[in-house]
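Here, residue 1 is the first one in the sequence, and each next residue gets the next number.
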Amino acid sequence: MTTPFEFSTHPARLTDAERDRALVLLREGAAQGRLSHDTFLFRMERALTARRPDELALLTADLRTESTWTRRVVGAVEKMSAFTAKVGRAWQAERLPKLLLPEPGPYPLRIGRDPVNGLRLSHETVSRLHAELSLQAGLWVLRDLGSTNGTTVNGRRVTGAVAVREGDMVGFGQMSFRLSLR
């Protein structure tokens, strides 16, 4: 017999926005006294490990008080906000200076403030040894090297390594570039 809070291991993914909405609902439910402290902790833990939207729906079903109309309006605003953010990133990307992808070689291109790097960026938000860019199995890979102010690709922070391609916006601290082949 299964409890209503046991989940399957289906590989579908949740978006950060979906998870954040569920966490907000749980916090509000606890603040309003609609959830006991133990129930709140249990559901928060489950929300953080949930893999599918229906798992989150189970955790928050008794907390939803919005009307259908309110959900539709809020959903429309969220979609419009995401669209304007996407347009803003596209506008900004065309105005950024280009960072030419290097010729493939045996060693990665090191990026940072230190003069020994292949690409030296003289800005106080760039770490001495900030990131590296290499060609691996036909894909360009950008790896953050434990920088203080972070490495980003298209506005998302890189933890570890991520594949990049021409046109991507990359940031090292507060310095941003658009990757280009020429």
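- Interatomic distance, L145 CG to S127 OG, rounded to the nearest 0.5 Å: 9.0 Å.
- The two atoms that bring L96 and S176 nearest to each other are CD2-CB, 3.8 Å, heavy atoms only.
- In this structure, L101 CG and S180 OG are separated by 7.5 Å, a value rounded to the nearest 0.5 Å.
- Residues L35 and L48 share a hydrophobic cluster, clusters being chains of Ile/Leu/Val/Met/Phe/Trp/Tyr side chains in contact below 4.5 Å.
- Connectivity analysis of hydrophobic side chains (ILVMFWY, heavy atoms under 4.5 Å, direct or indirect) links Y107 to nothing; its cluster partners are none.
- Residues L25 and L63 approach most closely at O-CD1, 3.6 Å, considering heavy atoms.
- V170 is not listed as a side-chain neighbour of T152, based on a closest heavy-atom distance of 4.5 Å or more.
- Distance alone, capped at 3.5 Å, is enough to place a donor-acceptor pair between the N154 side chain and the M169 backbone.
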>> For a side-chain contact (heavy atoms from CB on, under 4.5 Å) check, start with the C-alpha distance between N149 and Q174, then their side-chain angles and the critical distance, and finish with the verdict.
In response: CA-CA 8 Å; N149 293 305; Q174 291 181 5; over 6 Å; no
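- Smallest separation of non-hydrogen atoms from R120 and P115: CD-CA, 3.6 Å.
- Side-chain contact between V141 and V162 is absent, with no heavy-atom pair separated by less than 4.5 Å.
- Of all heavy-atom pairs between P108 and E132, the closest is CG-OE1, 3.5 Å.
- One N or O on the side chain of R34 and one on the backbone of D62 form a donor-acceptor pair closer than 3.5 Å.
- R165 contributes no side-chain N or O that, together with a main-chain N or O of L179, makes up a donor-acceptor pair within less than 3.5 Å.
- A heavy-atom distance below 4.5 Å is found between the side chains of L26 and T60.
- For the atom pair R128 CZ and T148 OG1, the distance stands at 10.5 Å (nearest 0.5 Å).
- Using a 4.0 Å cut-off between charged side-chain N and carboxylate O, E78 and R21 make a salt bridge.
- Side-chain contact between I111 and T151: absent, with no pair of heavy atoms (C-beta onward) separated by less than 4.5 Å.
- No more than 12 heavy atoms of other residues, nucleotides or ligands sit less than 6.0 Å from atom CD of E45.
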> Does the pair L119 and R110 meet the rule for a side-chain contact (heavy atoms from CB on, under 4.5 Å), with working shown?
Replying inline: CA-CA 6 Å; L119 175 59; R110 293 275 170 108; over 6 Å; no
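- The CG atom of L181 lies 8.5 Å from the CG atom of L100; values are rounded to the nearest 0.5 Å.
- L129 and F177 are members of different hydrophobic clusters when ILVMFWY side chains are connected at heavy-atom separations under 4.5 Å.
- Taking CG of L99 as the start and CZ of R178 as the end, the distance is 10.5 Å to the nearest 0.5 Å.
- At a threshold of 4.5 Å between non-hydrogen side-chain atoms, the residues L14 and L56 count as touching.
- Contact annotation: the side chain of T159 never approaches that of D144 to less than 4.5 Å [non-hydrogen atoms, C-beta and beyond].
- Between F42 and S36 the shortest side-chain heavy-atom distance does not fall below 4.5 Å.
- Closest non-hydrogen pair, A30 versus F40, comes out as CB-CD1, 3.6 Å.
- Between F172 and H130, the ring-plane angle classifies as perpendicular under the 30° and 60° cut-offs.
- The two residues S122 and R113 come nearest to each other via the heavy atoms CA-CG, 4.3 Å.
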>> Working note: L133 + V164, criterion side-chain contact (heavy atoms from CB on, under 4.5 Å); need CA distance, chi angles, decisive distance, verdict.
In response: CA-CA 9 Å; L133 186 62; V164 293; 3.9 Å; yes
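- Using modelled atom types, one finds no donor on one side chain facing an acceptor on the other under 3.5 Å when comparing T84 with S81.
- M44 has its side chain within reach of L23: a pair of non-hydrogen atoms, C-beta onward, lies under 4.5 Å apart.
- In summary, R27 and D20 do not engage in a salt bridge, as defined by a charged side-chain N under 4.0 Å from a carboxylate O.
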